[in-house]
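Per chain, numbering begins at 1; letters A, B, ... match sequence-line order. This one's a predicted model, so the numbers in the text were calculated from it and none came from an experiment.
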2 protein chains.
Amino acid sequence: MFSKACEYGIKATIFIVLKSHEGKRVNPKEIAKEIDSPEAFTAKILQALVRHEVIVSVKGTYGGFEIDKDKISTIKLADAVRAIDGDSIFNGCGLGLKSCDEDHPCPVHDKFKDIRDALKNMLEQTSFEELAFNIKSGASFLKL
Amino acid sequence: MFSKACEYGIKATIFIVLKSHEGKRVNPKEIAKEIDSPEAFTAKILQALVRHEVIVSVKGTYGGFEIDKDKISTIKLADAVRAIDGDSIFNGCGLGLKSCDEDHPCPVHDKFKDIRDALKNMLEQTSFEELAFNIKSGASFLKL
DNA sequence: CTTATTTAAGACAAATTTATCCTAAATAAA
DNA sequence: TTTATTTAGGATAAATTTGTCTTAAATAAG
Ligand code: SF4
Ligand code: SF4
């Protein structure tokens, strides 16, 4: 479904939201430990999230990654997915014809479109704040 | 979503269904041309479909790949997907935790489960015969 | 039985994704 | 300003997926 990079990116963003709520910044080491991911690879993914303005980085002592407090509630799953995997999951799908449209669809188009749209809606409607809240309350987990 | 191999496998199976309806066998060359895929790689995928008993192979002169006529209507998208990509798409998902269950879910579990189940249902309910019929009627296409 | 034909299988190669490592650039503290 | 700290970026490596090629095995026709 998602690339490994995207999975790490989503988990990392949830953790950063969690920490940003407390007004704290986090570094790649801490993040990788928390989400059980390879540290250097995670750092690369964080760079991509910064470039796409999903998260913010601060260099130097006491630096790290964070999210603007008043922006936290606006970030959706789709933002992280788009930053890392692009939007192929939103428009490309099924049998991956080179140039497909409603008038020249692949055989699974009608069946597939509904699933793809449901996925798209879910990703665009689910906020990281909501996901982070469930971690905090112990309803869900970032590793194991 | 699906691997390239799985995409080719699905298209190939649709084409084989189409030909089997006419009582004809097809070889990898013909299949690859029809679905616009690399021939040798497609041959490998056909082997996997044979091993998983989705299609049947006949060696020697006038040999090729086919599907038992009375079995055609029973084959579902899920059969080909399982044969090639395994069942990770049916149970693994979301953030890919190592050992996840309802009691120890990842943060996206609740959101994700619905999509995954919808996908699973679609794959298990859609028959290749139905897809092949749409090709035949010109409602959908295998390439371009 | 012999031969031509076709799939099966395994070794190999290319491309992509995942992951690591080292150095540069930025920044804040002292 | 100097130094310590931290992210950014590029080179490299490992693993996986995608793709090719050659030979073996099976089978039907003649
Ligand atoms: S035709 Fe429809 S289902 Fe098939 S690849 Fe294009 S958008 Fe996806
Ligand atoms: S969505 Fe549910 S089943 Fe999928 S990885 Fe997360 S916890 Fe596991």
Tell me whether the side-chain N or O atoms of A/Lys44 pair up with the base of D/dG9 as donor and acceptor below 3.5 Å, since no angle test is needed here.
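Donor-acceptor pair under 3.5 Å: yes.
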
Point to revise | Donor/acceptor link under 3.5 angstrom from B/Glu39 side chain onto base of D/dG19 | key: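 It does not, because no donor-acceptor pair links the side chain of B/Glu39 to the base of D/dG19 below 3.5 Å.
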
Spacing between [X] atom [atom1] and [N] atom [atom2], to the nearest angstrom:
X       : N      : atom1 : atom2 : answer
A/Lys59 : D/dA8  : NZ    : P     : 6 Å
B/Asn27 : D/dA28 : CG    : P     : 17 Å
A/Tyr8  : C/dT17 : OH    : P     : 15 Å
B/Asp85 : D/dT17 : CG    : P     : 9 Å
B/Ile45 : C/dA9  : CD1   : C1'   : 15 Å
A/Met1  : C/dT17 : CE    : C1'   : 18 Å
B/Arg25 : C/dT5  : CZ    : C1'   : 13 Å
A/Phe41 : C/dT17 : CZ    : P     : 10 Å

Of all the nucleotides listed ([options]), which has the minimum atom distance to the side chain of [X]?
X       : options                : result
A/Tyr62 : C/dT18, D/dA29, C/dA29 : C/dA29
B/Phe65 : D/dT18, C/dT7, C/dT20  : C/dT7
B/Ala5  : D/dT18, C/dT18, D/dC21 : D/dT18

Quick one: does B/Arg116's side chain have a donor or acceptor within less than 3.5 Å of a partner on B/Ile89's backbone?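 Checking the backbone N and O of B/Ile89 against the side chain of B/Arg116, no donor-acceptor pair under 3.5 Å is found.
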
D/dT6 phosphate, OP1 or OP2, under 4.0 Å from A/Ser57 side-chain N/O: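 False: A/Ser57 side-chain N/O out of range (4.0 Å or more) of D/dT6 OP1/OP2.
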
* Would you say B/Gln47 reaches C/dT7's phosphate, i.e. side-chain N/O to OP1/OP2 under 4.0 Å? ->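 Result: no.
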
Note: B/Arg82-B/Glu124 ion pair, threshold 4.0 Å (strictly below):
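So B/Arg82 pairs with B/Glu124 through a salt bridge.
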
| message | Any carboxylate oxygen within less than 4.0 angstrom of a Lys/Arg side-chain nitrogen, looking at A/Glu30 and A/Lys33? | response |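 The answer is no: the pair does not qualify as a salt bridge.
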
Can you label the angle between the A/Phe112 ring and the B/Phe2 ring as parallel, tilted or perpendicular, going by 30° and 60°?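 Taking B/Phe2 first and then A/Phe112, their aromatic rings stand perpendicular (interplane angle over 60°).
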
Q: Between A/Thr61 and A/Cys6, name the one whose nearest nucleotide on DNA chain C is closer to the 5' end.
A: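 Between the two, 5'-proximity favours A/Cys6.
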
Subject >> 5′-ward residue of the pair A/Val58/A/Lys4 relative to DNA chain C >> reply: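 Closer to the 5' end of DNA chain C: A/Lys4.
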
### Query
With sugar-phosphate meaning primed atoms plus P, OP1 and OP2, does A/Val56 contact a base, only sugar-phosphate, or nothing at under 4.0 Å between heavy atoms?
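Contact class for A/Val56: none.
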
| Is A/Arg51 touching bases, backbone alone, or none of the nucleic acid, heavy atoms closer than 4.0 Å? |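 Answer is sugar-phosphate: A/Arg51 comes under 4.0 Å of backbone atoms only.
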
Side chains of A/Ser140 and A/Asn134 only: does a donor on one sit below 3.5 Å from an acceptor on the other?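 Per modelled atom types, A/Ser140 and A/Asn134 side chains form no pair under 3.5 Å.
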
